[in-house]
Amino acid sequence: MKMTWLKAFLAVVFLICAAATPASDAVAGDFPDKPVTWIVPFKAGGGTDRWARVLSSVSLDVLGQPLRIRNLPGSSAVRGWKYMLEQPADGYTVYQASPTPVIALKREKNPPLKPEQVKIVCFVSAFRNIVLAPPGKPWSTWEGLIKYAKANPGKLTFGATFSELSGTALAFNSAGVKVKLVPYSSTSDAVTDLLGGHIQVAAATESTALTLVPDKAVAILNGTKMPLSEKVSKELGNPPHATALGYKVINFPRWIGVHPDTPDEIVAKLSDKIGEMLKQPSLKKIMGKMGEEIIFVPHKDAQAQYDDIVKGVSEAVAALN
Amino acid sequence: MKLIRTNKGAACAMLAGLFPVLLYILFSDWAGDRLSDGFRLGTFPVIYLLLSMLLIAVTLFDARRGDALEGFETFGLAGLIRVFVYFVVAVLFAFYQEKIGFIPCAFMLVATGAVEMRLRPWTVIFVYASAIALLLFALFYSLGFALKPIGAF
Amino acid sequence: MIDYAALGQAIDIVFQLNTLLWLLVGISVGIGVGAMPGLQASTAVALMLPLTFTMPLGSALGLLIGLYKGAIFGGSISAISFSTPGTPEAAATVFDGYKLMRAGKGRKALLTALYSSITADLASDVLTIMIAPMLAIVALKFGPAERFWVMMLAITLIGSLSGDHLAKGLFSAAFGLFIGTIGTDPIGAISRNTFGLWWLSDGIPFPPMLIGVFAMAMVFNELLNPPMIDAAKDQARKLAENLLKKSEGLSAREFFRCWKEISIGFGVGSFVGLLPGLGATAGAFLSYAVARYASPSKGIGSGKIEGIAAAEAGNNATVGPTLVPLLAFGIPGSATAALIGGALVLQGATPSPRMFELFPHVIYALFIILIVGNIANLGLGRIFAFAYAKIGEVPKQYLIPVIGIMAIVGSYVYEENPYHVLLMLIFGLVGLVFRLCKIPEAPMVITFLLAPLAEENIRRALLIGGGDWVATLMNSPISIALAVLSLGSIVFSARVRVYQRIAEMRASELGDLRE
């Protein structure tokens with residue numbers, strides 16, 4: 001009797017260990033055959049987190065496996081990146097981020113890793129930086145702002161978060177004007193100070209801009225490479241687009257990446273599957289409600305665009321000093 | 001330990017502890033870097049650290065410098081070792097619970113605490129630590145934390 | 001002023017079985033989550049957010065607000081029961097709460113926390129809904145320079161938390177300033193003072209630091225001198241006996257004795273909540289500090305229900321006002337506001353300056369749920385208070401190991417970061433040194449919380465003002481008034497100190513005469 005109990009116990013222990021041991025070399029054919037760990041390097045409840053949770057709501061239908069979301073915030077999203085690099089390069093650990101860690105890594109003297117240490121799976125969306133000014137001021141149009149800033153070099157105060165600041169600094173540089181850059185820790189703080197008249201111009205994402213235009217603010221420029229959708233552009237009063245003006249600016253995508261040594265077939269498959277997830281009607285509906293735009297860029301184009309962005313960020317960060 | 005039993009002694013010990021930090025900042029490669037608003041990266045840390053050291057130095061000379069600190073009366077090596085052991089077990093828990101598994105790690109932690117708090121007999125420690133470990137696991141698991149009960153060796 | 005049609009619509013939304021049911025679910029889960037150190041209202045909300053995707057407006061708001069309210073009360077449960085603030089907002093409750101718990105008056109402490117939270121919360125909700133648009137305009141007047149002065153004014157209050165040895169209290173504050181600089185420079189966005197450790201580049205996170213200073217320091221202190229071994233049977237019998245005893249409740253008279261502290265909490269909390277960035281934790285500590293100034297003879301800090309009332313009223317009174325910037329401008333002023341804003345967006349009622357025009361029924365529904373949530377919290381909270389009050393009776397040999405592991409697991413799950421556990425343990429040692437050397441912890445906590453914000457704001461103000469200190473700091477009547485108030489607060493605290501000293505001397509002289 002005792003022996004049977006012992007055997008049963010050992011069997012259970014064995015089963016638990018077997019279940020917990022990672023599967024050996026993954027093959028693209030049956031990828032994924034276990035849950036995928038999805039690293040969100042920001043706090044729960046933020047923009048990236050919401051994206052990940054919405055993606056996970058359709059993953060079982062499309063991918064055949066659930067997503068295990070892990071919020072690993074810290075060190076400007078670099079901690080989650082480091083964690084991803086410490087896991088096996090089998091495509092089962094996925095990292096979803098924004099340009100925040102890239103900018104942070106480019107700022108640091110001794111960064112703990114390089115922005116190139118990732119293989120880009122795809123982009124799922126992108127933000128635009130909308131430059132906002134209060135209505136009825138000499139700098140309430142883009143031409144007016146350039147004129148005003150040229151007449152008062154280095155006087156016009158421009159507030160935004162560090163990543164919005166670095167992106168828009170490129171537009172100001174291209175336009176040949178010098179403004180005073182005031183960093184904020186969140187967009188809402190910057191916008192509050194704009195509304196209170198403590199700073200003269202601010203940058204915000206399009207969703208924030210939409211809540212303020214036209215009552216409290218005027219949108220005077222889309223400071224990113226990507227144009228606005230027709231509907232949003234109209235609602236914002238058709239602000240000029242930096243790229244159309246011939247400015248050298250960058251994109252701010254929401255990107256998804258994996259360990260740089262992950263086999264290309266697995267990355268391509270993951271990219272296809274995410275593209276398919278984004279086409280699910282239920283996902284489209286929730287994203288539409290949240291005011292998030294789906295802009296899918298598959299693996300083959302995303303990697304090159306990402307390399308471009310890293311280059312652009314280096315220039316933007318240099319422009320800030 | 002006799003030295004630290006007064007305000008004066010404690011102040012000396014703390015100054016000795018803070019001084020290397022000051023040296024670290026002053027000789028670091030970042031403290032002198034100038035930022036876009038004109039301040040240096042080390043300005044605020046150095047000012048605040050000097051302020052702390054100044055205030056602790058005040059207690060070396062004020063009217064209460066000789067006051068006894070009762071907390072140190074029963075302070076001894078055995079107690080320090082207990083704190084150190086608990087500290088180490090806790091660090092091991094933090095960095096290895098993902099590999100070893102939550103339940104054995106939590107058991108170790110509660111058991112260490114209970115042994116050090118002189119809970120006896122051993123069977124009570126065993127039952128108590130197991131119960132707390134299982135309970136905490138159940139609680140966090142039900143809240144959606146993907147903790148591993150027993151890790152993969 | 002009040003739109004009755006919209007009010008009627010809002011009442012319809014709120015008083016539905018579904019809404020009320022989800023509210024109760026939210027509160028129960030929230031209390032459970034909040035009572036775990038490291039887990040906060042925002043964690044609870046993030047975990048349950050996917051549920052709200054498909055809910056109607058009333059149920060979604062009910063669930064989220066229930067979670068939030070429950071978590072706030074839950075935070076004070078563990079502050080009182082384990083000396084471990086479950087959420088940072090509850091840290092100021094530890095001072096008096098845990099002392100009462102160990103004195104066997106846990107139920108009294110928990111009920112004080114519950115009632116004063118709810119009173120202040122209700123009052124601030126009503127205040128907010130009545131004058132939200134006006135408050136919003138006042139809030140906008142506060143730019144970087146004005147915010148800097150508010151923080152200075154707050155920092156001058158640490159005098160009252162400094163204990164009887166002022167130099168030590170000020171050292172504690174200066175040390176808090178120093179550890180607040182660890183992390184990233186607010187203007188340069190570059191790491192500073194991180195000792196070359198990449199995982200410090202975000203600075204020291206507040207919850208693990210608080211758990212270290214309050215809970216771990218206590219565990220370490222107990223480990224230095226563990227109790228002698230009793231006979232095991234004896235202990236077990238004692239435990240069983242104590243668990244059966246009913247602990248002392250809170251009488252209406254005792255509660256009304258705290259009216260002054262609750263009013264202070266309401267005033268301080270509402271003001272602090274209105275300003276972005278300060279938040280509920282600052283509200284709690286500042287209200288606690290003001291209450292100590294206001295009645296030095298009450299002995300707040302030595303295990304008095306008045307201390308709990310001040311801290312809890314102070315943190316809960318921030319709830320209504322933090323929603324003002326969200327509702328008036330669509331800008332979330334706090335993490336809570338951001339998550340409520342997120343839920344509103346999902347329901348198609350995007351917060352914007354035109355919110356009062358476009359969705360008045362949503363705003364009314366929101367506030368009615370806030371108020372109803374308070375009442376529901378009262379009912380559920382009483383049950384939890386009864387259960388947790390027993391913890392004060394558990395012998396230390398059983399209790400300390402549990403507090404230890406809760407502190408460790410709590411700081412780990414906060415962001416699943418093992419380095420946070422390491423930091424928490426280090427702050428446990430810092431707290432132990434502070435205890436042994438009789439240095440008060442509260443000044444360190446306050447300056448650690450406020451100094452980075454103050455630095456960020458003054459440097460931003462200087463940047464905007466072109467580096468002219470005088471013109472920057474005296475830029476508006478509000479700044480000048482706040483500067484004068486700060487100065488006044490320093491003078492006042494110095495005078496209080498002198499009078500106290502004189503009173504002590506007189507008392508000891510009288511004692512001598514009697515001999």
Side-chain angles (χ1 to χ4, degrees), chain B residues 7 10 14 24-25 30-31 33 35-39 41-42 44-45 48-49 51-52 54-56 58-59 62 64 69 71-72 74-76 79-80 82-83 86-87 90-91 93-95 97 106 109-114 116-121 124 128-129 132-133 136 139-140 143-145, chain C residues 33 36 39 47 165 167-168 170-171 174-175 177-178 180-182 185 187-188 190-193 195 219-229 232 396-398 400-402 404-406 408-409 412-413 416 418-422 425 428-429 432-433 435-438 451 455 459 462-463 467:
Chain B
N7 275 337
M14 274 197 246
Y24 154 74
I25 297 175
W30 52 265
D33 291 359
L35 298 164
S36 59
D37 64 346
F39 284 99
L41 211 45
F44 286 89
Y48 295 154
L49 190 59
L51 190 65
S52 311
L54 181 80
L55 285 162
I56 211 69
V58 166
T59 65
D62 69 5
R64 307 179 61 172
L69 295 166
F72 284 107
T74 48
F75 188 78
L80 273 183
R82 275 191 290 269
V83 169
Y86 195 79
F87 192 103
V91 170
F93 173 91
F95 286 89
Q97 68 85 18
L109 202 53
V110 181
T112 310
E116 294 194 335
M117 285 304 288
R118 299 193 180 136
L119 183 70
R120 299 290 184 279
V124 171
Y128 189 61
I132 297 287
L136 278 180
L139 191 73
F140 282 101
L143 285 173
F145 286 90
Chain C
V33 170
M36 295 305 302
L39 296 186
L47 291 171
H165 196 167
K168 282 183 180 174
L170 295 180
F171 161 74
F175 190 69
L177 291 173
F178 174 70
T181 62
I182 294 174
D185 184 272
I187 298 297
I190 308 176
S191 303
R192 69 171 178 195
N193 210 6
F195 307 94
V219 171
F220 285 157
N221 199 22
E222 295 290 340
L223 289 181
L224 283 180
N225 292 300
M228 289 299 137
I229 301 175
K396 277 182 178 171
Q397 290 97 318
Y398 290 92
I400 296 295
V402 174
I405 192 168
M406 294 237 302
I408 291 159
V409 177
Y412 178 76
V413 296
E416 292 191 50
Y419 292 105
H420 285 173
V421 179
L422 186 60
L425 290 164
L429 292 181
L432 179 65
V433 171
R435 269 164 195 252
L436 290 173
C437 298
K438 289 197 204 157
E455 186 198 332
R459 287 179 62 186
L462 282 169
L463 202 58

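So you know, we letter chains A, B, ... as the sequences are listed, proteins then strands, and number each from 1.
Heavy atoms closer than 4.5 Å to chain C are found in both the backbone and the side chain of L49(B). Only the side chain of Y24(B) comes within less than 4.5 Å of a heavy atom in chain C; its backbone stays farther off. Both the backbone and the side chain of L436(C) come within contact range of chain B, judged by heavy atoms closer than 4.5 Å. When heavy atoms are compared at a cutoff of 4.5 Å, H420(C) does not approach chain B at all. In this structure, chain C has a heavy atom under 4.5 Å from the side chain of Y86(B), while its backbone stays farther away. Both the backbone and the side chain of V413(C) have a heavy atom closer than 4.5 Å to some heavy atom of chain B. Residue L429(C) touches chain B through its side chain alone, counting heavy-atom pairs closer than 4.5 Å. For a residue to count as touching a neighbouring chain, one of its non-hydrogen atoms must lie under 4.5 Å from one of that chain's; by this rule D62(B) touches chain C with the side chain only. The contact between Y412(C) and chain B is made entirely by side chain atoms (from C-beta outward), counting heavy-atom distances below 4.5 Å. Using a 4.5 Å cut-off between heavy atoms, F93(B) touches chain C through its side chain atoms alone. The contact between L177(C) and chain B is made by backbone and side chain atoms together, counting heavy-atom distances below 4.5 Å. In this structure, the portions of E222(C) lying under 4.5 Å from any heavy atom of chain B include both its backbone and its side chain. For I25(B), the part sitting under 4.5 Å from any heavy atom of chain C is the side chain, from C-beta outward, and nothing else.
Pairing each heavy atom of G42(B) with each of W30(B), the nearest pair is CA-CZ3, 3.9 Å. Minimum heavy-atom separation, L41(B) to S191(C): CD2-O, 3.6 Å. Minimum interatomic distance between A10(B) and L69(B) (heavy atoms only, all atoms of both residues): CB-CD1, 3.8 Å.
Across L224(C), L425(C), N221(C), a single residue satisfies side-chain contact (heavy atoms from CB on, under 4.5 Å) together with V83(B), and that is L224(C). The residue from V58(B), I56(B), T59(B) that alone fulfils the side-chain contact (heavy atoms from CB on, under 4.5 Å) condition with F171(C) is I56(B).
Remark: the backbone N or O of P45(B) is not paired with any side-chain donor or acceptor of N193(C) at under 3.5 angstrom.
The residue among K396(C), K438(C), H165(C) with the most heavy atom pairs within less than 4.5 Å of chain B is H165(C). No other option in D33(B), L35(B), L54(B) has as many heavy-atom pairs under 4.5 Å with chain C as L35(B). The residue among K168(C), E416(C), M406(C) with the most heavy atom pairs within less than 4.5 Å of chain B is K168(C). For the set L432(C), V409(C), V433(C), the count of heavy-atom pairs under 4.5 angstrom toward chain B peaks at V409(C). The residue among I400(C), T181(C), L170(C), L462(C) with the most heavy atom pairs within less than 4.5 Å of chain B is T181(C). Between chain B and the residues L463(C), V421(C), I408(C), the largest count of heavy-atom pairs under 4.5 Å involves I408(C).
Taking the six-membered ring wherever Trp is involved, the centroid distance between the rings of Y48(B) and F175(C) does not fall below 6.0 Å.
Here the side chains of R192(C) and F44(B) are in contact, with some heavy-atom distance below 4.5 Å. The closest side-chain heavy-atom distance from S52(B) to M14(B) is not below 4.5 Å. Residues V402(C) and Y128(B) are in side-chain contact: their nearest non-hydrogen atoms beyond the backbone lie under 4.5 Å apart. Proximity of P401(C) to I132(B): side-chain heavy atoms (C-beta onward) are nowhere separated by under 4.5 Å. Residues R82(B) and P226(C) are in side-chain contact: their nearest non-hydrogen atoms beyond the backbone lie under 4.5 Å apart.
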